[in-house]
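First comes the structure, then the notes that go with it.
Read the numbers this way: they start at 1 and go in the same order the structure lists the ligands and their atoms. We're numbering straight along the sequence, starting at 1.
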Amino acid sequence: MKVLIDQEQIRRGIDQLGAKLNAQYGPEPITVVAIMTGSLVMLADLIRCLEMPLRISLIRASSYRGGVSSGELHVEEIQRLDIQDRDILLIDDIYDTGKTLLEVSKRLKELRPRSLKTAVFLNKQGTSQVQLKPDYSVFDIPNRFVVGYGLDYDDYYRNLPYVAVLEQSDLEQHHRAAR
Ligand code: IMP
Ligand code: MG
């Protein structure tokens, strides 16, 4: 597996995003809405860099199975969110086509937050299919399938502390070993 972003780079990148958010939001409380499961690791690291009072809401959105998008997005737990008149920071692991961020943003806006900003850990270059771009992203990456730091292939590899490109030989090994 080829490491694309190592642990130290990730630590510095998340610290910098935290500092930027602290400066821009100031002491006002925010609600961090995190799209599970991919943003789990970023969530845990980022919130410890944030200084304002904050609440966390977890939602689920999934369209990928075994590395391939089914094209249909499932969003769960969004109806019960208490975000009206609150400042919302929506976070996700990666911006690829942008459809997830767009769709989730639309649904959150229906609940009338005071403000809504989006932050992603990775921003894939040249793959966007929508107008909406993330307000913040930690790293730009080339158009490759990556795993680690929350990102999965078939729900595996989320625990890797770095970001790696999944190559054909890794896939073959994965299909022999995982079940
Ligand atoms: P989008 O809706 O196409 O922007 O895709 C966003 C979602 O696709 C993310 O939340 C990820 O779950 C998944 N995804 C896209 N690219 C990758 C990748 O390279 N590795 C792992 N998951 C990815
Ligand atoms: Mg995912």
**Message:** If the contact criterion is a heavy-atom separation under 4.0 Å, does E103 count as touching ligand 1?
**Reply:** no
**Asked** Is the closest side-chain donor-acceptor distance between Q16 and Y136 under 3.5 Å?
**Response** no
**Asked** Heavy atom of K124 under 4.0 Å from ligand 1?
**Response** yes
**Request:** Quick one: look at L101 and ligand 1, take heavy-atom pairs under 4.0 Å, and tell me if it's side chain, backbone, both or neither.
**Result:** neither
**Message:** Using the side chain to side chain contact (heavy atoms under 4.5 Å, CB included) definition, which of the options I88, L108, L58 pairs with L81?
**Reply:** L108
**Fill in**
The atoms of ligand 1 lying under 4.0 Å from a heavy atom of D92, numbered in the order shown, are 10 (O)
**D96 versus T127, side-chain donor and acceptor atoms under 3.5 Å** = yes
**Request:** Quick one: do I59 and V104 satisfy side-chain contact (heavy atoms from CB on, under 4.5 Å)? Show the steps, please.
**Result:** CA-CA 9 Å; I59 63 174; V104 175; 3.4 Å; yes
**Request:** Any atoms of ligand 1 less than 4.0 Å from a non-hydrogen atom of D152? List them with their elements.
**Result:** 21 (C)
**Prompt:** Looking only at heavy atoms of V147, does any of them come nearer than 4.0 Å to an atom of ligand 1?
**Reply:** no
**Request:** May I ask you to check if ligand 1 and G98 share an N or O to N or O distance below 3.5 Å?
**Result:** yes
**Aromatic plane relationship, F145 with Y153 - under 30° parallel, 30 to 60° tilted, over 60° perpendicular** = perpendicular
**Message:** Within the 4.0 Å heavy-atom shell around T97, which atoms of ligand 1 are there?
**Reply:** 1 (P), 2 (O), 3 (O), 4 (O)
**Request:** Could you name the option among L151, T100, I35, D93 that has the heavy atom nearest to atom 12 (O) of ligand 1?
**Result:** D93
**Complete:** Taking only non-hydrogen atoms of R144 and a 4.0 Å limit, the atoms of ligand 1 in range are 19 (O)
**Request:** State whether the shortest distance between N or O atoms of Y95 and N or O atoms of ligand 1 falls below 3.5 angstrom.
**Result:** no
**Request:** Indicate, with yes or no, if the rings of F121 and F139 have centres closer together than 6.0 Å.
**Result:** yes
**Message:** Assess the residue pair V163 and L122 against the criterion (side-chain contact (heavy atoms from CB on, under 4.5 Å)); give the C-alpha distance rounded to whole Å, side-chain angles, the decisive distance to 0.1 Å, and a yes or no.
**Reply:** CA-CA 10 Å; V163 174; L122 302 177; 4.2 Å; yes
**Prompt:** With no hydrogens and no angle check, is any side-chain donor or acceptor of D170 less than 3.5 Å from a backbone partner on L166?
**Reply:** no
